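Keep in mind it's a predicted model, so treat the numbers as computed, not measured. Chain A is the first sequence line, chain B the second, and so forth, proteins listed ahead of strands; every chain is numbered from 1.
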Amino acid sequence: MQRTRVRDILSGDQGGHALLKGWVRTRRDSKDFSFLELNDGSCLGNVQVLVDHTPELLPLLERLNTGAACAVEGEVVASPAAGQKWEVRASALTVFGEADPETYPLQKKRHSDEFLRTIAHLRPRTNKYGAMLRVRSEMALAVHSFLHGRGFAHIHAPILTGSDCEGAGEMFRVSNLEPSTAAAMTPAEREAAEFFGRPASLTVSGQLEAEMLALALGDVYTFGPTFRAENSNTPKHAAEFWMVEPEMAFADLKDDMDLAEELVCSLVRHALDHCVVDLALFGNFVDKTLMATLTGILDQPFVRLPHAEAIRVLQASGRSFEFPVHKGSDLQTEHERFLCEEHFKRPVIVFDYPKEIKAFYMRLNDDGATVAAMDLLVPRIGELVGGSQREERLDVLEARMAEAGLPAEPYWWYLDSRRYGSAPHAGFGLGFERLLMLVTGIANIRDVIPFPRTPRNLEF
RNA sequence: UCCCCGGUAGCUCAAUCGGCAGAGCGGGUGGCUGUUAACCACUAGGUUCGCGGUUCAAGUCCGUGCCGGGGAGCCA
């Protein structure tokens, strides 16, 4: 007999014989019978199972404490008591794995996020983390379905990279050499001995490779893990995170901003449409303002303002910031928060940044002072998306690299794309975990990744 | 990496001025009830994060290390 998922029992409209398999959330004993709350991860809800204390069932029931895995076979019937529409009257039980109540760390009561991080292998069995993981899966699907619907090709950028100057972020070095062996070698010996014959790292972005593919396939995107070795200890940084990076040929900055806004709105709408029950949990127990925030995002277009205009808004605010703003200065966290949380009270896209504070590959505007870059800022989280129109003019790109002090040689293939059939193109990176923080209201990035990697944390 | 706060029972936390180590929840035992964060009674449970110091006496004060949280920087 095939098992029925709890989700299908709870959403069904008729009873019948069923086989359920899952984990016991709690057991309530009466004199002659007990109630089991069974959860199988298919949805937030549990099925209430009524188990009579018969000679066959009682010995098995006694082994089913909170956390135990079991199978329940029985009749699905309308529940006579309030609290649930359906319940299952058990006719047979199978115990797969017991959970010693003396040592099983998950209790029926609420646990702190900090404690649950120390048992990341068990926390998916809690309501909150089960809900988060279902939403995470649903959001990944929504990313693919939105971009697929727009005609984007899903491409796979390499995770191992040889260019150790891709961008600003510190990179994780990758080597197959024993550290002690490598330490005894001269740099030349070591280079020859390295697996790739040169230094290798984990990628900090698939953008440069995505550009090459966009200049062949038109519209592409990567969606994969990304690595930063920055010693960042904050609620919104992780050493390993997932990033969605669309790249469009024949597109400018406006197209880029349009796509970012439409993608974010599409993902939020998908969550509201497909994760109703799980989002309700977050709205009730994690962030009371969640639903208002999410529907607010869909209400009206995002604010778009040039960086220079953002500076003027900040200067005119009358606020005394810890870091005073002036023409050409970067936006600090306090400025970003003021703009989207207090002044506009909604997502804000800031664009046309001074070229000095942005990366070399961003397209130089006609004013010669700014580049066609954009950051999408959202309340509470800050930068959700960072992108730009790319510099497609070979001479300008080479000049910008020289200004930045970058050697041209390792970028020979990147520059080739501007040498042969270059075309205007644009793209951005969207932090997938930050999106999940936005959608769930969860405040710490460590709680939207099943097994987070942060400085000094590589357990599990 | 810098600044601030914290680390006491399985979990969440109290402990006055430096003076006997406490509660709720969870666990165990018994009872009760179509229960549902079940309820009632009883009960067990401690290297007070580690190391060093001050003191008659340290959970409490000092130094240091580790871990966690918040803020900042960097960014997705």
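- Residue A/Glu62 contributes atom CD, which lies 16 Å from atom P of B/rG27 at whole-angstrom precision.
- Screening A/Arg125, A/Arg3, A/Arg5 against A/Asp40 for a salt bridge (charged side-chain N to carboxylate O under 4.0 Å, His left out) leaves a single residue, A/Arg3.
- Rounding to whole angstrom units, CG of residue A/Leu106 and P of B/rU12 are separated by 12 Å.
- No N or O donor and acceptor, one from the side chain of A/Ser30 and one from the base of B/rU35, sit under 3.5 Å apart.
- B/rA76 has its base stacked against the ring of A/Phe241, the centroids being under 5.5 angstrom apart at an interplanar angle below 30°.
- Considering only the side chain of A/Lys31, B/rC32 comes nearest among B/rC32, B/rG34, B/rG27.
- Residue A/His154 qualifies as enclosed at atom NE2: its count of foreign heavy atoms under 6.0 Å is above 12.
- You'll find that the side chain of A/Phe115 is closest to B/rU12, out of B/rU35, B/rU12, B/rA76.
- The partner of B/rU16 cannot be assigned: no Watson-Crick or G-U wobble pair with both contacts below 3.5 Å exists in any strand.
- For A/Glu87, counting side-chain heavy atoms from C-beta on, the closest listed nucleotide (B/rG28, B/rA38, B/rG34) is B/rG34.
- Using the Watson-Crick or G-U wobble rule with both distances under 3.5 Å, B/rU35 pairs with nothing in any strand shown.
- Picking from B/rG27, B/rC75, B/rG26 the nucleotide with the shortest atom distance to the side chain of A/Gln107 gives B/rG26.
- Scored by the side-chain hydrogen bond (donor to acceptor under 3.5 Å, both in side chains) test, A/Thr289 finds A/Asp287 as partners (sequence neighbours excluded).
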Heavy-atom contacts, protein to nucleotides 67-73 of chain B, under 4.0 Å, summarised as B (base), S (sugar-phosphate only) or - (none) per nt, yield SSSSSBB
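- By the 4.0 Å N-to-carboxylate-O rule, A/Arg63 lies close enough to A/Glu98 to be salt-bridged with it.
- Interface remark: the A/Arg434 side chain does form a donor-acceptor pair with the B/rC75 base, using a distance-only criterion of under 3.5 Å.
- B/rC42 and B/rG28 make up a base pair, with Watson-Crick or G-U wobble contacts both under 3.5 Å.
- Pair check for B/rA9 finds none; no Watson-Crick or G-U wobble contact set falls under 3.5 Å.
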Contacts under 3.5 angstrom, residues 127-134 of chain A side chains, donor-acceptor by atom type, not counting sequence neighbours:
{"unit_1": "A/Asn127", "atom_1": "OD1", "unit_2": "A/Arg25", "atom_2": "NH1", "d": "2.6"}
{"unit_1": "A/Lys128", "atom_1": "NZ", "unit_2": "A/Asp113", "atom_2": "OD1", "d": "2.7"}
{"unit_1": "A/Lys128", "atom_1": "NZ", "unit_2": "A/Asp113", "atom_2": "OD2", "d": "3.1"}
{"unit_1": "A/Tyr129", "atom_1": "OH", "unit_2": "A/Asp113", "atom_2": "OD1", "d": "3.1"}
{"unit_1": "A/Tyr129", "atom_1": "OH", "unit_2": "A/Asp447", "atom_2": "OD1", "d": "3.3"}
{"unit_1": "A/Arg134", "atom_1": "NE", "unit_2": "A/Asp278", "atom_2": "OD2", "d": "3.1"}
{"unit_1": "A/Arg134", "atom_1": "NH1", "unit_2": "A/Gly41", "atom_2": "O", "d": "2.9"}
{"unit_1": "A/Arg134", "atom_1": "NH2", "unit_2": "A/Asp278", "atom_2": "OD1", "d": "3.1"}

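- Between the CZ atom of A/Phe35 and the P atom of B/rC39 there is a distance of 15 Å, rounded to whole Å.
- Within a 6.0 Å radius of CZ in A/Phe285, no more than 12 heavy atoms belonging to other residues, nucleotides or ligands are found.
- With rounding to whole Å, A/Leu436 atom CG is found 12 Å from B/rA76 atom C1'.
- Nucleotide B/rU1 forms a pair with B/rA72, judged by Watson-Crick or G-U wobble geometry with both contacts under 3.5 Å.
- The pair A/Arg89-A/Glu87 counts as a salt bridge, with a side-chain nitrogen and a carboxylate oxygen less than 4.0 angstrom apart.
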